[in-house]
There are 2 protein chains.
Amino acid sequence: MDRAVEDLTARARIRDAAVRLFGERGIEGASIRDIAAEAGVSSGLVRHHFGSKEALREACDQYAKERMLQIGAELTKDGNLTGLDPLTLHPLAFPLQLYLVRSMMDGSETATALFLEGVEAVEEWTTSFGINPKDRRGYAAALAAIKLSVFVFRDQVSKALGEDITTPAGYNRIGQALMEVFTIPLLTQEQVDHMRKQEK
Amino acid sequence: MDRAVEDLTARARIRDAAVRLFGERGIEGASIRDIAAEAGVSSGLVRHHFGSKEALREACDQYAKERMLQIGAELTKDGNLTGLDPLTLHPLAFPLQLYLVRSMMDGSETATALFLEGVEAVEEWTTSFGINPKDRRGYAAALAAIKLSVFVFRDQVSKALGEDITTPAGYNRIGQALMEVFTIPLLTQEQVDHMRKQEK
DNA sequence: TACTTGACTACACGATCGTGTAGTAGTTTG
DNA sequence: CAAACTACTACACGATCGTGTAGTCAAGTA
């Protein structure tokens, strides 16, 4: 990050603090006073700049979405990312993802829209790479959810691995493991068909 | 469910209401008064039976974990489940999963312990089925997280599919899609190796 | 200089939170 | 029969919540 914290405007500091605290503690769990303290301003200034807590949340939604798209564009431009890479855990995206997941779980439309865009991106990716599942949409939705899963349960996964997956080393390890999931076929088509008949 | 709601003791009704509301709104988002109203009792009775909100949460943790293991045992006993089935979305497990995920995100040790047990179960499953990833532990952790992913983003996935995945029809559809993820290899081993070199 | 405007703070408001206290009704127990 | 215990309610407490109001201060503008 090339921006020093003290160089940011108060409004930006508030927004960054809100994304962080909302993401860490949930929307209900982070108070305006907490956010103001984190940003080093009075609680009244939060209201001055954003009007209400709900409006602050929407501003965070918008900002997080734009930043995520921006970061995604930059990383894919360098050509070192495929549609499957766990961009999710990239240091720049980390607090934004944390926030967006919380916001999704709280029913945010903006965050949900970003998920849907992700599904469509995966859909196009499978098409262009010649992957043809029977239910492309369902397949893409499952993959989009999977891309976020390791992130949502980062604490649990870290504990299982005995290694913090938010560090570069751990991030690489779980990334490799995730790749292996997509490399080793766990089931044969016959098994899947057999299961389908059994289910209801 | 063979138990009628009105037949449950007040304590059980409170616990069920707490699991439901904690799961839907998060721990901070559900007040003791909300839970009491949902259970049809006074807020004082919640305190009488559980002592404090934190103690109520721990009781819910314990109950949800036991019920999940119980349900899992019953379903696998019938022999119509493999280690990969999205038990996650089973009607019986649904509110429990909802709660456990929220509890995990709030740092619950009991819920995290359940996740770790899930990782170990997947580890044993891969071993007995002759699946040999380079990092078995990491592989199992990724799979454990994936099993929960579709569930966490059920609203988003439902919206992407235009079909509620908590209904039997939608549940089958996303289940099939998830199976396909494990059936179609997305990457070759060479691609994975190539990626590994690129990363850092 | 006088006026406006935007960033910012201090403080008080009603509501709601988790919790504490006191007490009632019904059953059990000696 | 009296004492004890359990399930349960009503109500009040201090703290904290989001929000509202009033005002300070600095910069720009006519």
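Because only heavy atoms are used, hydrogens play no part in the values below, and waters and symmetry mates are left out as well, while side chains stay in. Every chain is numbered from 1, with letters handed out A, B, ... down the list of sequences.
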#### Entry: C/dG6 phosphate, OP1 or OP2, under 4.0 Å from A/His49 side-chain N/O
no
### Side-chain donor-acceptor pair present, A/Thr166, A/Asp164, cut-off under 3.5 Å
yes
### Task
Apply side chain to side chain contact (heavy atoms under 4.5 Å, CB included) to B/Arg57 and B/Glu54, showing your working.
CA-CA 5 Å; B/Arg57 218 204 58 162; B/Glu54 179 57 24; 4.2 Å; yes
### Query
When the distance from CZ of B/Arg57 to C1' of C/dG18 is rounded to whole Å, what number comes out?
15 Å
### Query
Roughly, in whole Å, what's the span from CD1 in A/Ile35 to C1' in D/dT16?
15 Å
### Query
Counting side-chain heavy atoms from C-beta on, which of C/dG18, C/dC17, D/dT19 comes nearest to B/Lys53?
C/dG18
### Query
Quick one: A/Phe50 CZ to D/dT19 P, roughly how many Å, whole number?
14 Å
### Query
NA contact type, A/Arg33, heavy-atom cut-off 4.0 Å: base, sugar-phosphate, or nothing?
base
### Task
Give one of base, sugar-phosphate or nothing for B/Ser42, where a contact means two heavy atoms less than 4.0 Å apart.
base
### Task
Please state whether the phosphate of C/dT16, meaning OP1 or OP2, lies under 4.0 angstrom from any side-chain nitrogen or oxygen of B/Ser31.
no
### Query
Is NZ or CZ of B/Arg11 both nearer than 6.0 Å to the six-membered ring centre of B/Phe50 and within 45° of the ring axis?
yes
### Query
D/dC8 P sits how many Å from B/Arg11 CZ, rounded?
11 Å
### N or O in side chain of A/His48 less than 4.0 angstrom from C/dC8 OP1/OP2
no
### Task
Check every atom of C/dA7, D/dC8, D/dC17 against the side chain of A/Leu45 and return the nucleotide holding the closest atom.
C/dA7
#### Entry: Aromatic plane relationship, A/Phe94 with A/Phe151 - under 30° parallel, 30 to 60° tilted, over 60° perpendicular
perpendicular
### Query
How long is the line joining CG of A/Leu56 and P of D/dC17, in whole Å?
15 Å
### Query
Roughly how many Å is it from CD in B/Glu54 to P in C/dT19, rounded to a whole number?
9 Å
### Task
Would you indicate which nucleotide in C/dA7, C/dT9, D/dC17 comes nearest to any side-chain atom of A/Val41?
C/dT9
### Task
Using heavy atoms to find the nearest nucleotide of DNA chain C for A/Val46 and B/Asp34 separately, return the residue whose nucleotide is more 5′.
A/Val46
### Task
Have a look at B/Ile32 and say if it touches a base, only the backbone sugar-phosphate, or nothing, with a 4.0 Å heavy-atom cut-off.
sugar-phosphate
#### Entry: Out of C/dG18, C/dC8, D/dC17, whichever nucleotide has its closest atom nearest the side chain of A/Ala10
C/dC8
### Query
Do the charged groups of A/Lys65 and A/Glu117 touch, with an N to O distance under 4.0 Å?
yes
